[in-house]
Amino acid sequence: MSDPARLTVDGRELRVARPEKVLFPAAGITKLDLARYYLRVAPLMLPHLRGRPVSMERYPDGIEQEGFVQKEVPAHFPGWIDRVTAPRKAGGETTYAVVERAATLVYLADQACITPHVWTSRTPRLANPDRLIFDLDPPPAAPVARVRAAARTVARALVRVGLAPHVLATGKRGFHVVAAIEPDSDFDTVRALAHDLAERLARRHPDDFTVAQRRASRGERVYIDVARNGYAQTAVPPYAVRATPRATVAVPLRPSELGQRRMRPDRFDIGNVWRRLARVGDVWAQIEARPATLDDVRRRLARAG
DNA sequence: GTATGCC
DNA sequence: GGCATACCTTGGTCT
DNA sequence: AGACCA
Ligand SMILES: [Mn+2]
Ligand SMILES: [Mn+2]
């Protein structure tokens with residue numbers, strides 16, 4: 001095999017071991033390609049990662065071999081990678097990595113972490129989510145048009161209760177519709193509100209949405225997975241690479257783009273995303289501009305039904 | 001992925 | 001250097 | 001205990 005590659009990041013010289021190792025065989029994408037992608041996308045991505053505990057989705061032998069989720073920071077990680085310790089619900093605690101700088105993203109890529117997943121809260125308010133997430137999971141054979149329509153319906157519903165919808169094409173099969181909230185409630189409270197909103201949508205559109213966790217009871221409906229809002233749960237952040245044959249990327253969309261027939265959850269990948277980012281930059285850049293309060297959402301919900 | 005040991 | 005082999009890698013929620 | 005999810 002080849003010698004380690006070296007990348008200078010944040011004034012630090014990082015080595016990428018086995019740079020020519022192919023992680024995405026169908027597209028011929030290597031570990032060095034992945035590291036360079038994260039180095040380049042870091043300026044846009046870091047604001048969406050800072051302060052948030054990370055679960056690492058790793059594929060040391062490429063995506064055609066089985067990967068695994070790793071939460072605890074291994075002993076061999078360097079000291080300059082930030083950490084935060086959080087209690088496990090069932091007892092004990094877990095020490096997570098926190099991505100504060102580009103070098104950490106590159107280091108994670110070297111560890112064959114293809115996708116970092118992040119909490120919906122961040123330090124120092126780890127117990128209080130600052131995001132409300134509606135994770136839309138379509139059934140196996142759902143036409144893309146149906147998935148787009150579902151996301152549009154959810155986005156419009158959020159607007160009606162005073163939430164600013166931020167849409168993410170996840171790089172897999174669904175969309176996320178996300179709103180910033182003031183971090184003044186705990187996980188159970190936020191999840192309960194998400195569930196309330198999702199249930200109303202499912203009642204209003206019984207052929208389109210379900211909140212049933214069991215696959216068998218979902219039918220052809222889009223599953224609104226509000227469990228993402230629970231304690232120690234994670235979501236894919238903007239610009240993360242997914243473990244798919246093309247190395248697709250999670251990319252923020254303007255809500256209006258859900259009306260375009262060419263738009264798909266897996267539209268963008270490690271190769272074609274740059275053209276878009278050069279044109280539109282970070283569509284989520286202003287997500288913190290006007291976080292909603294849950295009290296306000298509940299008030300509008302009580303009024304508008 | 002890392003670490004270690006053997007030729 | 002090259003190669004083999006051992007070891008490491010989650011947790012919450014619902015039914 | 002098993003299904004399901006990121
Ligand atoms: Mn999803
Ligand atoms: Mn998964």
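Reminder, nothing fancy here: chain letters follow the sequence lines and each chain counts from 1. Because only heavy atoms are used, hydrogens play no part in the values below, and waters and symmetry mates are left out as well, while side chains stay in.
A close approach under 4.0 Å does occur between a side-chain nitrogen or oxygen of A/R218 and OP1 or OP2 of D/dC5. Taking 4.0 angstrom as the limit, A/Q70 places none of its side-chain polar atoms (N or O) nearer than this to OP1 or OP2 of C/dG11. OP1 and OP2 of D/dA6 both lie 4.0 Å or more from every side-chain N or O belonging to A/K172.
Taking a cutoff of 4.0 Å between a charged side-chain nitrogen and a carboxylate oxygen, A/R122 and A/D130 qualify as a salt bridge. Salt-bridge formation is detected for the pair A/D61/A/K21: a Lys NZ or Arg NE/NH1/NH2 atom is positioned less than 4.0 Å from an Asp or Glu carboxylate oxygen.
Between the CG atom of A/D188 and the P atom of C/dG12 there is a distance of 12 Å, rounded to whole Å. A/M56 has its CE atom 14 Å from the C1' atom of D/dA6, to the nearest Å. A straight line from CD1 of A/I114 to P of B/dG1 spans 11 Å, rounded to a whole angstrom. Remark: C1' of D/dC4 and CZ of A/R228 are 9 Å apart, rounded to the nearest angstrom. Nucleotide C/dT10 holds its P atom 15 Å from the CD atom of A/Q233, rounded to whole Å. In this structure, A/F134 places its CZ atom 17 Å from C1' of D/dA6, rounding to the nearest Å. The nearest whole Å value for the distance from the CD atom in A/E57 to the P atom in D/dA6 is 10 Å. The interatomic distance linking A/R173 (CZ) with D/dA6 (P) rounds to 11 Å, in whole Å.
Cation-pi contact between A/R218 and A/Y223: present, with separation from the ring centre below 6.0 Å and deviation from the ring axis of at most 45°.
For A/R215, the listed nucleotide lying nearest its side chain is D/dC4; candidates were B/dG1, D/dA6, D/dC4. Nearest to the side chain of A/R214, among C/dT15, D/dA6, B/dG1, sits C/dT15. Here the side chain of A/R191 is nearest to one of C/dT9, D/dC5, C/dC14, namely C/dC14. Nearest nucleotide to the A/A232 side chain, out of D/dC5, B/dG1, C/dG12: C/dG12. Counting only heavy atoms from C-beta on, A/Y223 has its side chain closest to D/dC5 among B/dG1, C/dT13, D/dC5. In the set C/dT10, D/dA6, C/dT13, C/dT13 carries the atom at the smallest distance from any side-chain atom of A/K89. In the set C/dT13, C/dG12, D/dA6, C/dG12 carries the atom at the smallest distance from any side-chain atom of A/R88.
The backbone N or O of A/H205 lies less than 3.5 Å from no partner atom in the side chain of A/D208, so there is not a single donor-acceptor pair.
Contact annotation for A/Q213: base contact, defined as any heavy-atom pair under 4.0 Å involving a base atom. A/A227 comes within 4.0 angstrom of no nucleic acid atom, judged by non-hydrogen atoms across all strands. Counting non-hydrogen atoms under 4.0 angstrom, A/D61 reaches nothing in the nucleic acid. Using a 4.0 Å heavy-atom criterion, one finds that A/T94 contacts the sugar-phosphate atoms exclusively. A/K71 comes within 4.0 angstrom of a nucleotide base, judged by non-hydrogen atoms across all strands.
Between A/W284 and A/H166, the ring planes lie perpendicular to each other; the angle is over 60°, past the 30° to 60° tilted range.
Nucleotides B/dT4 and C/dC8 have their P atoms positioned 13 Å apart, rounded to a whole Å. Comparing D/dA6 with C/dT9, their P atoms are spaced 24 Å from each other, to the whole Å.
The six-membered or imidazole ring of A/Y38 lies away from that of A/Y239, with a centre-to-centre distance of 6.0 Å or more.
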